[in-house]
Amino acid sequence: MPHDLPKAYDPGAIEPRWAEYWVREKLFHVDTPPADTTRPVFTLILPPPNVTGRLHMGHMLNQTEMDIVIRWHRMRGFLTLWLPGTDHAGIATQMMVERQLAAEGKSRREIGREAFVARVWEWRQHYGGAILEQMRRLGASVDWSREYFTMDERMSRAVREAFVRLYDEGLIYRGKYIVNWCPRCITAISDLEVVHEETPGKMWEIRYPVIGSKNEYIVVATTRPETMLGDTAVAVNSADERYRHLHGRKVLLPLMNREIPIITDDILANPEFGTGAVKVTPSHDPNDFEAGLRNNLPQIEVMNETAQMNANAGPYQGLDRFEARQKVLEDLERGGFLVSTKDYVVPLGKCSRCSTIIEPRLSTQWFVKIQPLAERAIDVVEKGDISFVPENYTRTYFEWMRNIHDWCISRQLWWGHRIPAWHCKACAGIVVAREAPEKCTQCGGPVEQDSDVLDTWFSSGLLPCSALGWPEQTPELDAFYPTTLLVTSFDILFFWVARMIMMNCHFMRGRGPQRAPDLGSAEWLKGDIPFSTVYIHALVRDAEGQKMSKTKGNVMDPIRTIERYGTDAVRFTLAAMAAPGTDIAFSESRTESYRAFANKIWNAARFLFMNVDKAQPAGVWSLDEFKGAQVLVGNTNPGIRGFRAETLEDRWILSRFNRVAQEIGEALATYRFHEAAHVIYHFFWGEYCDWYLELIKPRLTAADPELARPAYGNLIGIFEGALRLLSPFMPFITEELWHAVYDGQPPAKSIALVAYPQPDSAQMDPEAETGMAILQDLIVSVRNIRAELKVEPKQKLAIEVHADSGVRLLFERNRGAVERLANVEGIAFVGQSLAKAAGARSTARFDVRVLYERKVDVSAERDRLTKELMKLTQQLTRASAQLGNEAFLARAPEKVVEGLKRRKAEVEILIGKIRTALDELDLVKQ
RNA sequence: GGGCGGUUAGCUCAGCUGGUUAGAGCGCCUGCCUUACAAGCAGGAGGUCGCAGGUUCGAGUCCUGCACUGCCCACCA
């Protein structure tokens with residue numbers, strides 16, 4: 001029995017069931033539409049989580065926002081595709097499996113490449129689906145039938161195609177350069193994978209003896225003395241007078257006893273800094289590398305791939321780089337070469353994966369010549385074809401794009417896309433091809449594939465076009481590319497977003513304009529862009545505003561939070577706190593309050609069903625009357641149907657519903673999730689439950705079925721509509737209750753598949769809203785007086801009201817409401833103002849007092865009135881000053897002037913009433 | 001060294017394009033188990049919007065400076 005709800009809302013009892021139902025029924029699967037479809041299309045690609053990943057709050061925020069947008073579009077009639085997938089995450093996954101091997105006492109080198117890769121696939125088979133399983137639990141309405149993995153064969157094909165094309169166009173090259181090298185991961189990494197940290201360290205000054213002069217030295221400064229073993233020159237600025245006489249001379253490199261030249265080079269950014277002379281180590285520093293090329297210096301590598309000193313380091317061979325540093329310093333000291341040791345803050349580069357200090361290393365790698373790609377990527381954003389929300393990220397994007405460096409894409413790993421290049425064993429030529437060549441195309445010799453794999457971001461940078469079938473011309477590409485939106489976090493803006501823009505714009509170049517981005521939009525999406533809007537969401541921090549990190553131990557597991565409060569409550573928390581551009585300090589107290597919100601909705605439903613179950617058998621009302629309401633997608637006005645606005649509260653709630661639908665629509669269209677969440681929260685709890693439900697109660701039990709019938713229709717109608725409004729935010733509870741509303745026979749398989757309420761201005765009723773506000777004001781005033789007088793809650797009291805005829809009529813018509821909600825028995829309307837009456841309350845529209853024998857607490861009353869008077873007087877002063885200002889009257893919009901005048905009049909009336917009341921109090925005292 | 005953001009109630013945060021009385025949740029105080037909900041109901045207290053100037057008829061909102069604070073980027077030994 002769907003109506004038989006347990007008393008307390010228990011998310012654990014309903015959420016897994018619906019999560020499973022949505023997947024099993026394939027509710028969110030969409031067929032690829034024909035190319036000529038007229039249906040508006042909305043495409044969103046899920047930023048593929050790492051296969052190694054576990055869900056964290058950042059994912060949950062990300063997915064909540066995406067799911068809200070997706071469900072909202074789907075309910076508005078878009079053909080909506082949300083495409084899920086996972087990323088093979090090169091280094092991360094390889095490390096995971098290596099750890100596993102280590103636990104078995106094995107290493108990847110022992111078992112060999114082929115076995116290792118097989119082992120990773122096996123790992124992925126077992127554990128790789130964890131994060132997507134977690135996504136299912138969140139209710140993410142993705143199309144599971146289209147799931148991809150970035151190592152799938154079709155993705156590999158796209159990767160090879162992209163590589164070969166870029167190579168053929170001269171945009172990929174191979175060469176020996178200084179790269180960021182992680183000696184622990186034993187691979188090159190890109191600039192972006194290096195984290196710079198200001199670390200307290202030392203700067204040492206070392207003197208190099210000048211050959212051919214006695215007691216003459218050049219003093220150089222360094223933070224990495226061990227690299228001096230590879231020095232091949234000392235550089236000074238050509239304009240530096242101090243060293244002019246040494247141009248063309250040589251120094252003797254201490255410890256190594258190697259003669260190296262003194263060169264003049266502009267390597268020195270600032271000749272004032274340090275001693276004005278630097279050691280030059282072309283194999284171990286990017287600047288020195290360049291200087292080495294300019295000056296034809298030899299490159300002497302002194303370290304191996306694990307940053308241990310090699311044979312070129314002479315006596316230091318075999319030492320780790322930091323041991324070597326100590327030893328070098330000791331030896332320099334002993335030889336009298338060490339001039340000074342100073343504290344110095346060094347910007348140390350560390351591997352973003354394992355925090356090992358990066359060693360700049362000379363090695364042969366593959367690079368993307370990025371400038372030409374960046375130019376187009378800048379262009380599409382400048383032209384507005386792609387826009388960022390919040391828009392200030394545009395600047396950051398340009399900043400990065402304009403200072404971009406070539407991208408090192410080769411990794412010395414085993415897990416990843418193999419570079420489609422083959423080396424000839426005979427002539428050392430290179431063949432780059434889509435498929436493995438049989439032999440060298442130049443000399444016919446045997447070939448062997450390059451052992452490196454590609455940076456993970458090379459394959460994810462091809463999304464979304466690769467996920468839609470590129471390089472094939474698939475119907476999916478036709479229908480869904482460009483995608484509409486990308487929702488992601490700031491930290492992968494450069495890693496991923498920027499690269500997708502560069503690569504997609506490059507490969508999809510020349511594609512004509514596609515569909516419109518939104519309903520009723522006259523604009524068309526440009527054909528080559530990967531997405532038209534990038535929404536950058538906030539970082540989720542802990543309740544203290546600290547970044548969540550494993551080392552701090554403040555990481556929240558969303559699944560655990562969900563188990564405690566329910567998915568809906570956690571989703572709602574994230575949505576309600578997701579103001580664009582600001583970080584989220586996730587607080588469980590908020591989640592608790594949103595669970596209470598869910599409970600409130602739950603109990604409102606119980607109340608409804610309890611009454612309905614009595615009314616139906618009595619023939620007062622039948623669900624069939626309601627079933628006629630059109631809520632199916634495609635209906636032009638899927639708001640509240642069959643509503644009969646017969647009373648003030650009916651007109652009011654209908655008006656409010658429409659206004660709320662409008663506000664939510666506007667908020668969601670601009671990604672203002674928090675605003676939308678607040679609006680629906682306030683409407684449901686503060687208006688529907690607190691007022692409408694209370695006001696309508698007597699009509700539900702009215703003896704006259706003609707009175708009761710519309711009340712039921714309205715009550716259920718608004719409830720059902722509100723569920724639809726709320727559904728994208730809280731998909732589970734709304735699904736459960738929506739099915740229950742229809743007694744298990746809903747007009748569609750899911751609330752997610754019916755229409756989102758659209759505002760209807762014809763149903764907005766400002767007069768009813770004003771009237772209701774006055775009525776609420778009266779009820780609250782009476783409750784307030786009662787509380788001040790400490791009247792027994794159960795005791796009914798008579799009241800006197802003074803008001804003009806219009807307001808009086810309003811009160812008379814809603815007499816019952818006042819009596820019930822303010823616990824009043826008998827309302828007398830009086831002709832004269834009640835301002836003098838002790839304990840009366842006044843508003844600009846009415847005075848009210850209760851008839852009660854207990855004396856007013858004179859001093860408390862005086863305090864209250866005095867405070868009120870001060871506030872109002874301040875307001876009056878300000879308002880008068882403004883209204884007396886010619887410039888204000890001339891320049892301010894009429895609406896503002898009118899509003900202020902009205903307010904001033906009200907304030908004046910109130911001040912008068914309060915003065916009277918205060919005078920009266922003084923009389924009482926005397 | 002560049003760039004971006006924050007500072008609003010005891011706490012955590014909203015406040016979009018400057019416009020009538022600055023809001024929410026939690027916490028706090030008072031009273032209620034009023035048959036939908038104590039995860040609730042009713043009432044209430046609490047803010048010189050970081051500081052100093054400026055623009056404007058009008059500033060929490062725009063500009064300048066300062067203080068504190070967070071983040072991103074960067075090949076100055």
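Within every chain, numbering begins at 1; the chains are lettered A, B, ... in the order of the sequence lines, protein sequences first and strands thereafter. As the structure is a computational prediction, the values presented were derived from the model and not from experiment.
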>> From the set B/rA77, B/rU56, B/rG40, return the single nucleotide nearest to any side-chain atom of A/R891.
In response: B/rU56
> What nucleotide among B/rU21, B/rU12, B/rA14 has an atom nearest to a side-chain atom of A/R878?
Replying inline: B/rU21
> For A/V220, which contact category applies under a 4.0 Å heavy-atom criterion: base, sugar-phosphate, or nothing?
Replying inline: nothing
> Nearest-Å distance, CD (A/Q875) to P (B/rG19)?
Replying inline: 17 Å
> What is the distance, rounded to the nearest whole Å, between atom CD of A/E197 and atom P of B/rC73?
Replying inline: 12 Å
> Looking for any heavy atom pair under 4.0 Å, which part of the strands does A/R606 touch: base, sugar-phosphate only, or nothing?
Replying inline: sugar-phosphate
>> Which nucleotide wins on minimum distance to the side chain of A/V278, given the candidates B/rC75, B/rC72, B/rA77?
In response: B/rA77
> B/rU34 C1' sits how many Å from A/E694 CD, rounded?
Replying inline: 9 Å
> Which residues pass the side-chain contact (heavy atoms from CB on, under 4.5 Å) test with A/L797, sequence neighbours left out?
Replying inline: A/R786, A/V791, A/Q795, A/V850, A/Y852
> Counting side-chain heavy atoms from C-beta on, which of B/rU12, B/rA77, B/rC37 comes nearest to A/M577?
Replying inline: B/rU12
> So what does A/D690 touch, heavy atoms closer than 4.0 Å: a base, only the sugar-phosphate, or nothing?
Replying inline: sugar-phosphate
>> Both A/S589 and A/M610 contact RNA chain B. Taking the nearest nucleotide for each, which residue is further toward the 5' end?
In response: A/S589
>> Closest approach to the side chain of A/H678, judged atom by atom: which nucleotide of B/rG19, B/rA24, B/rG46 is it?
In response: B/rA24
>> When you measure from the side-chain N and O atoms of A/K904 to the phosphate of B/rU20, is any distance below 4.0 Å, counting only OP1 and OP2?
In response: no
> In whole angstroms, how far is the C1' atom of B/rU21 from the CG atom of A/L869?
Replying inline: 15 Å
> Are there more than 12 heavy atoms of other residues, nucleotides or ligands under 6.0 Å from atom CZ of A/R783?
Replying inline: yes
>> Taking any heavy-atom pair under 4.0 Å as a contact, classify A/F597: base, sugar-phosphate, or nothing.
In response: nothing
> Within this structure, what is the NZ-to-C1' distance between A/K790 and B/rG44, rounded to whole angstrom?
Replying inline: 10 Å
> Got a sec, which residues hit side-chain contact (heavy atoms from CB on, under 4.5 Å) with A/N885, two or more places apart in sequence or on another chain?
Replying inline: A/A887, A/F888
>> If you assign each of A/K7 and A/R902 to its closest nucleotide in RNA chain B, which residue comes earlier from the 5' end?
In response: A/R902
Polar atom pairs (N or O), protein with nucleotides 60-64 of chain B, under 3.5 Å:
none

>> Dot-bracket for RNA chain B, please. Rules: Watson-Crick or G-U, both distances under 3.5 Å, ( ) within the strand, [ ] when a pair crosses earlier ones, | for another strand, . otherwise.
In response: (((((((..((((.....[...)))).(((((.......))))).....(((((..]....))))))))))))....
>> So, using side-chain hydrogen bond (donor to acceptor under 3.5 Å, both in side chains) as the criterion, who are the partners of A/S489 when residues are at least two apart?
In response: A/D491
> What is the nucleic acid contact for A/Y393, judged by heavy atoms within less than 4.0 Å: base, sugar-phosphate only, or nothing?
Replying inline: nothing
Donor-acceptor pairs under 3.5 Å, side chain of residues 224-235 of chain A to any protein atom, not counting sequence neighbours: which ones?
from, atom 1, to, atom 2, distance (Å)
A/R224, NH1, A/H284, O, 3.3
A/R224, NH2, A/H284, O, 3.0
A/R224, NH2, A/E359, OE2, 2.9
A/E226, OE1, A/R325, NE, 2.8
A/E226, OE2, A/R325, NH2, 3.0
A/T227, OG1, A/R224, O, 2.8
A/T227, OG1, A/K279, NZ, 2.7
A/D231, OD1, A/K279, NZ, 3.1
A/D231, OD1, A/T281, OG1, 2.6
A/D231, OD2, A/Y208, OH, 2.6
A/T232, OG1, A/P298, O, 3.1

>> Determine whether a donor-acceptor pair (one donor, one acceptor, N or O, separation below 3.5 Å) exists between the side chain of A/N885 and the base of B/rC57.
In response: no
> Got a sec? Which of residues 663-674 of chain A come in under 4.0 Å of RNA chain B, heavy atoms?
Replying inline: A/R672, A/H674
> Does A/I370 offer a backbone N or O that forms a donor-acceptor pair with the side chain of A/D406 under 3.5 Å?
Replying inline: yes
Run the side-chain donor-acceptor check on residues 593-606 of chain A: report pairs under 3.5 Å with partners two or more places apart or on a different chain.
from, atom 1, to, atom 2, distance (Å)
A/S593, OG, A/R590, O, 2.9
A/Y594, OH, A/R590, NE, 3.4
A/Y594, OH, A/R590, NH2, 3.2
A/N599, OD1, A/Y9, N, 3.4
A/N599, OD1, A/N603, ND2, 3.2
A/W602, NE1, A/P6, O, 2.8
A/N603, OD1, A/R606, NH1, 2.8
A/N603, ND2, A/N599, O, 2.9

>> Using whole Å, what does the distance between atom P of nucleotide B/rG25 and atom NZ of A/K600 come to?
In response: 13 Å
> What nucleotide among B/rU21, B/rA39, B/rA42 has an atom nearest to a side-chain atom of A/R783?
Replying inline: B/rA42
> So what does A/W685 hit on the nucleic acid, given a heavy-atom distance under 4.0 Å: a base, only sugar-phosphate, or nothing?
Replying inline: sugar-phosphate
> Hey, are A/K796 and A/E819 close enough for a salt bridge, meaning a charged N less than 4.0 Å from a carboxylate O?
Replying inline: no
>> If the cut-off is 4.0 Å, is A/N784 near the phosphate of B/rG44, judged by side-chain N/O to OP1 or OP2?
In response: yes
> Which one, B/rG25, B/rA77, B/rC75, comes nearest to the side chain of A/S593?
Replying inline: B/rG25
> Of all residues at least two apart in sequence or in a different chain, which pass the ring pair (Phe, Tyr, Trp, His ring centres under 6.0 Å) check with A/F490?
Replying inline: A/Y393
>> Holding to side-chain contact (heavy atoms from CB on, under 4.5 Å), I want the full list of residues that pass it with A/S352, two or more places apart in sequence or in another chain.
In response: A/E193, A/V195
>> Regarding A/P360, tell me which of base, sugar-phosphate or nothing describes its non-hydrogen contacts under 4.0 Å with the strands shown.
In response: nothing
> Phosphate oxygens OP1/OP2 of B/rC26: is one of them under 4.0 Å from a side-chain N or O of A/Y594?
Replying inline: no
> Quick one: do A/R402 and A/E399 make a salt bridge, cutoff under 4.0 Å?
Replying inline: no
> For A/H405, which contact category applies under a 4.0 Å heavy-atom criterion: base, sugar-phosphate, or nothing?
Replying inline: base
>> Does A/L693 reach a base, just sugar-phosphate, or nothing at all? Heavy atoms under 4.0 Å.
In response: base
Please list, one pair per line, the donor and acceptor atoms closer than 3.5 Å that link side chains of residues 678-689 of chain A to other protein atoms, with sequence neighbours excluded.
from, atom 1, to, atom 2, distance (Å)
A/H678, ND1, A/H674, O, 3.0
A/E687, OE1, A/R656, NE, 2.9
A/E687, OE1, A/R656, NH2, 3.2
A/E687, OE2, A/R656, NE, 3.0
A/Y688, OH, A/L715, O, 2.8

> Out of B/rG43, B/rA74, B/rG19, which has the shortest distance to the side chain of A/H196?
Replying inline: B/rA74
>> Could you tell me how far apart A/N599 (CG) and B/rG40 (P) are, to the nearest whole angstrom?
In response: 7 Å
>> Test of understanding: with side-chain contact (heavy atoms from CB on, under 4.5 Å), list the residues that count as partners of A/K350, not counting sequence neighbours.
In response: A/E197, A/I357
> Which whole-number value in Å describes the distance from A/Q882 CD to B/rC57 P?
Replying inline: 12 Å
>> Check whether A/F607 forms a cation-pi arrangement with A/K697 (NZ or CZ under 6.0 Å from the six-membered ring centre, at most 45° off the ring normal).
In response: yes
